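Each remark here refers to the structure printed beneath this line.
Predicted model only: the values in this text are computed from it and were never measured. Throughout, protein chains are lettered first and strands after them, A, B, ... in sequence-line order, and every chain is numbered starting at 1.
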Amino acid sequence: MIFDYILNAIALGMTFLYGSTGEIITEKAGHLNLGIPGVMCVGAAGGCAALHYMIVGGVTNGVLLVVIGILAAFLAAALMGLIFSFLAVTLHANQNVTGLAMTTFGVGLMKYIMFGLKEGTSIPYLKALDAFRFPFSSSNSALKYCGVMVFLAIIIALVVSFVLFKTRVGLHLRAVGENPATADAAGINVTLYKYVATCVGCGIAGLGGLCYIMDYSGSREGYLSIEALGWLAVALVIFALWRPHISILGSVIFGALFIAGSFIPTLLPFKILQTMAAAPLLKMLPYVVTIIVLIVTSIRDKKENYPPAGLGLNYYREER
Amino acid sequence: MERSVALELRGVTKTFGKVIANNNVDLTVYAGEILSILGENGCGKTTLMNMISGIYFPDRGHMFVKGEEVVIRSPKDAFDHKIGMIHQHFKLVDVFSASENIVLGIDDGNKYSLKDVNNRVLEISERYGFNIDPKKKIYEMSVSEKQTVEIIKVLYRGADILILDEPTAVLTPQETERLFNVLRRMRDDGKAIIIITHKLHEVLSVSDRVAVLRRGEHIATVETAGTNESELTEMMVGKKISLNIERPEPKEPKDRLIVKNVNCTNSDGIKILDNISFTARSGEILGIAGIAGSGQRELLESIAGLQHLDSGEIMYHNPKNDEEVNLRDRTPLQIRDLGVRLSFVPEDRLGMGLVGNMDIIDNMMLRSYKKGHSMFLNRKAPKNLAKEIIESLEIATPNATTPVRRLSGGNVQKVLVGREIASAPSVLMAAYPVRGLDIGSSYTIYKLLNEQKARGVAVIFVGEDLDVLVELCDKIIVLASGKVTGIVDARTTTKEEIGLLMTKSTSVSEDALKTENSAKEDGCNG
């Protein structure tokens with residue numbers, strides 16, 4: 001049971017990991033993107049729609065399904081990032097307002113794509129496809145919750161961490177988020193970095209939506225719970241101190257807390273304890289932990305653990 | 001000897017909307033010389049340099065680097081032509097190390113390796129006599145260390161033409177001298193150096209030639225050896241002005257404000273005011289000197305009732321009824337109700353002193369709205385006051401209903417100082433009241449402070465220009481890291497003495513200072 005619980009936690013946690021890795025990239029470029037929940041919804045919608053039409057069209061090749069599905073989710077979400085960048089970078093719109101609008105828009109767009117306006121235009125709810133369990137494709141094995149999306153999430157997080165902290169591109173990106181005027185004076189194309197980082201970040205976050213639909217154990221609640229998970233992904237960024245490799249651990253913890261409500265009672269020995277623990281109180285855990293984490297991390301001792309200094313501020317070159 | 005031209009500008013013009021920032025400027029810089037660009041604030045010095053370094057693009061004109069015409073559209077183009085600028089406000093990323101900042105934006109095709117960068121930084125440091133730890137984070141550095149990083153950053157890119165925008169504004173006299181030595185060494189190495197400043201004595205001490213700008217136009221370029229301060233000022237301002245600040249003798253000074261053993265910690269638990277004691281007397285100007293962030297702001301705020309004190313007393317002697325009141329832990333409003341009149345010109349004039357989006361009249365009302373008796377606002381009195389201030393201080397504004405943020409820095413400052421003085425204070429505190437002002441406006445402010453002094457006001461003046469402090473004040477307190485490191489008589493002290501006091505406790509470690517103090521105490525006891 002414990003083993004099951006942990007694997008479940010990992011599988012769900014990867015949804016957070018995509019979201020937080022994406023948001024970290026975006027925030028490192030100085031964009032506070034509160035549209036992540038909406039972006040994840042759009043990612044799920046884009047991926048699922050592509051998969052649905054491929055399956056309807058008779059595609060059975062597992063690799064093709066996985067690759068196209070992931071690409072579709074990434075591109076759909078990256079388009080949301082493009083909208084955000086255009087509003088925040090080119091039009092200098094307020095980032096908080098833009099982000100919240102993106103969440104509202106993203107959730108609505110997903111509903112429109114998935115449920116349609118009229119009878120018969122909706123896309124049937126896709127459950128975890130066997131293709132996504134590849135390479136452990138047996139649905140009975142102990143590793144049934146760990147599919148392609150889980151490994152991809154961890155790989156992406158590690159790669160992003162490496163790029164951010166060990167390469168020249170990462171150095172430049174962090175400079176853009178910390179102090180865009182400095183980056184600009186150093187000859188870095190601030191606008192380009194902001195656009196690319198936001199689009200790539202949103203694309204990665206969008207995979208989180210697909211991950212939730214494709215890789216979960218079967219007790220999924222459907223598309224509509226993606227938004228709630230998206231907010232937790234944003235909280236996870238703060239928990240991880242803007243470092244994707246810490247986020248890997250954080251996402252599993254968040255995943256474990258999120259499903260604690262349905263697992264912990266079954267692990268307890270007595271019936272009475274089970275009933276007590278099953279109370280909706282347990283469902284609060286991730287949110288309570290988020291609040292605690294916010295309190296703990298707000299007592300930062302080192303400046304390296306602060307959010308990027310330019311976070312949420314738009315940059316105008318000729319402003320003096 | 002034929003000197004080679006490093007950089008030449010011909011007919012460069014730049015406008016911002018209707019404002020002409022630079023008009024038809026010609027300028028030549030030779031390799032192996034230090035050229036000063038001198039001018040009042042707003043005369044277009046920085047705009048001109050920003051065009052050379054690619055931040056702005058000129059509307060008209062030609063630029064030549066080593067005889068070849070170039071077009072500089074971005075900072076990157078400037079680097080490609082080996083031009084590097086050290087900005088007045090440092091362009092550094094706080095959480096990066098020195099090396100990370102230095103290598104920022106450079107893509108030379110080599111593998112990205114901080115180790116190699118560290119080595120090259122040390123190499124450059126050795127060559128020009130810098131002292132820097134490449135791995136140290138910027139936020140742990142002092143101002144002069146940050147400036148060193150800026151200079152190395154430019155040298156690392158192989159710049160031959162270096163532009164320094166007011167590099168000495170934030171340095172102590174000792175640090176300034178060290179910087180000048182480095183600049184001279186770079187000049188001897190064949191680099192062309194342009195230094196922007198409005199401090200005349202520095203121009204005379206460091207540069208080979210001086211170019212003077214006035215209202216965006218190039219007035220003249222002269223050899224430093226053949227000129228003097230008053231000639232340069234005349235070129236700069238366009239008319240003869242006296243450079244002497246008056247200092248009348250204080251009339252019957254009485255103790256007005258007695259600060260005793262004040263201690264204060266900030267929200268991070270760091271001690272910002274450490275056992276500060278001094279007395280401000282009526283009819284005197286008390287100067288406060290210190291490196292930026294040494295506790296000046298907190299000190300003024302605690303007197304104004306904006307800062308919570310851990311311990312200590314601030315006794316105020318009310319000239320009206322000869323009573324003594326303790327200002328400690330009272331709100332600004334209570335201080336006002338007690339009949340204590342403190343006028344406060346905060347450092348951050350638009351942040352704390354004025355509301356940018358409101359006009360001059362409304363800003364006047366911020367101090368007087370409580371005097372009203374009906375539920376409607378009475379705009380008559382503040383309107384008259386606004387007009388009075390605009391006239392007497394020569395504030396350049398279309399009218400009294402222009403939002404304050406649209407005014408230039410100097411005019412904003414005048415509005416603020418004017419309002420504070422109009423409330424007829426008995427203690428006037430002014431933090432950096434001339435920051436960003438041109439020479440003419442600065443002297444207006446000095447005159448105003450002297451007028452207040454003559455009226456028996458105890459003036460507390462926080463300044464950054466040591467020359468002014470020494471000339472204007474009667475007494476100077478020097479702060480370093482929240483401690484008073486010295487109280488000197490401004491009539492007998494020197495800049496160098498104050499400079500040493502400013503860095504006293506930062507250069508000596510805490511422990512060493514303690515032993516020094518205890519040794520002193522021992523000496524007293526013995």
- Should we count NZ of B:Lys91 as having more than 12 external heavy atoms under 6.0 Å? yes
- Step by step, work out the side chain to side chain contact (heavy atoms under 4.5 Å, CB included) result for B:Ile138 and B:Val93. CA-CA 7 Å; B:Ile138 299 297; B:Val93 180; over 6 Å; no
- Task: Return yes if some donor-acceptor pair links the side-chain N/O of A:Tyr315 with the main-chain N/O of A:Val176 below 3.5 Å, else return no.
- Result: no
- Among B:Asn101, B:Leu92, B:Asp94, B:Asp77, which residue forms the greatest number of heavy-atom pairs with chain A at distances under 4.5 Å? B:Leu92
- Message: Please check this pair: side chain of B:Lys14 against backbone of B:Phe57, looking for a donor-acceptor N/O pair closer than 3.5 Å.
- Response: yes
- Okay, B:Lys111 and chain A: the region with an atom under 4.5 Å from a heavy atom over there is backbone
- Message: On a heavy-atom basis, which atom in A:Pro244 and which in A:Ile24 lie closest, and how many Å separate them?
- Response: N-CD1, 3.7 Å
- Contacting moiety of B:Leu114, where chain A heavy atoms sit under 4.5 Å: neither
- Considering only heavy atoms, give the residues of residues 184-193 of chain A separated from chain B by less than 4.5 Å, sorted numerically, with 'none' for an empty result. A:Asp184, A:Ala185, A:Ala186, A:Gly187, A:Ile188
- B:Lys191: what forms a salt bridge (charged side-chain N to carboxylate O under 4.0 Å, His left out) with it, not counting sequence neighbours? B:Asp160
- Query: Quick check: does any side chain N or O of B:Asp59 sit under 3.5 Å from a backbone N or O of B:Thr15, one acting as donor and the other as acceptor?
  - Reply: yes
- Query: Looking at B:His87, B:Glu100, B:Glu140, B:Met85, which has the largest count of heavy-atom pairs under 4.5 Å with chain A?
  - Reply: B:Glu100
- Let me know if A:Ala309 has heavy atoms under 4.5 Å from chain B in its side chain, its backbone, both or neither. neither
- Task: Assess whether atom CD1 of B:Ile20 is packed by more than 12 heavy atoms of other residues, nucleotides or ligands within 6.0 Å.
- Result: no
- Item | Greatest number of heavy atom pairs closer than 4.5 Å to chain A - which of B:Gly54, B:Pro75, B:Ser53 | B:Pro75
- Message: Please determine whether the number of non-hydrogen atoms from other residues, nucleotides or ligands lying under 6.0 Å from atom NZ of B:Lys76 exceeds 12.
- Response: no
